[in-house]
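Written out below as structure tokens is the structure these notes cover.
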Amino acid sequence: MRQFTGATTAGGAVAQAFDTNVVLGLHDIERAVRSNIQNLVAHELGHALNQFSPLFNDGYAVPSDGPDNLMSTWGNRLTRAQCETSYANAASFAFP
């Protein structure tokens with residue numbers, strides 16, 4: 001059996017984005033310590049779908065927007081710039 005080591009949370013959830021691929025391991029996810037563990041998939045998809053944008057790097061925050069966003073704290077929001085970038089990237093996938 002192949003082992004995978006990536007970003008882990010207490011309780012066994014594992015996630016990592018590689019270019020446009022996402023690997024998720026949800027073993028024992030119900031015991032994960034983070035209260036917003038449901039944002040794990042969205043956070044990793046943010047990396048994969050916006051791989052060339054620094055707005056989707058781990059820990060991204062802008063003082064004027066506040067630190068609480070999907071990429072910095074797995075918060076339930078994106079900054080305006082992240083929304084605009086995601087929309088443009090999604091449009092380019094849908095309408096090449």
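As the structure is a computational prediction, the values presented were derived from the model and not from experiment.
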Could you state whether Met71 and Leu55 fall into the same hydrophobic cluster, counting links through intermediate Ile, Leu, Val, Met, Phe, Trp or Tyr residues with side-chain heavy atoms under 4.5 angstrom apart?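 Same cluster.
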Checking side-chain contact (heavy atoms from CB on, under 4.5 Å) against Phe56, which of Leu45, Asn50, Leu49, Leu70 comes through? Asn50
Side chain to side chain donor-acceptor pair (under 3.5 Å) involving [X] - partner list, sequence neighbours excluded:
X: Asn57; result: none
X: Ser53; result: none
X: Thr85; result: none

Minimum-distance pair of heavy atoms, taken over all atoms of Asp58 and His47: OD1-NE2, 2.8 Å
If only atom types and distance count, is the side chain of Asn69 paired as donor or acceptor with the main-chain N or O of Ser72 below 3.5 Å?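 Answer holds: yes.
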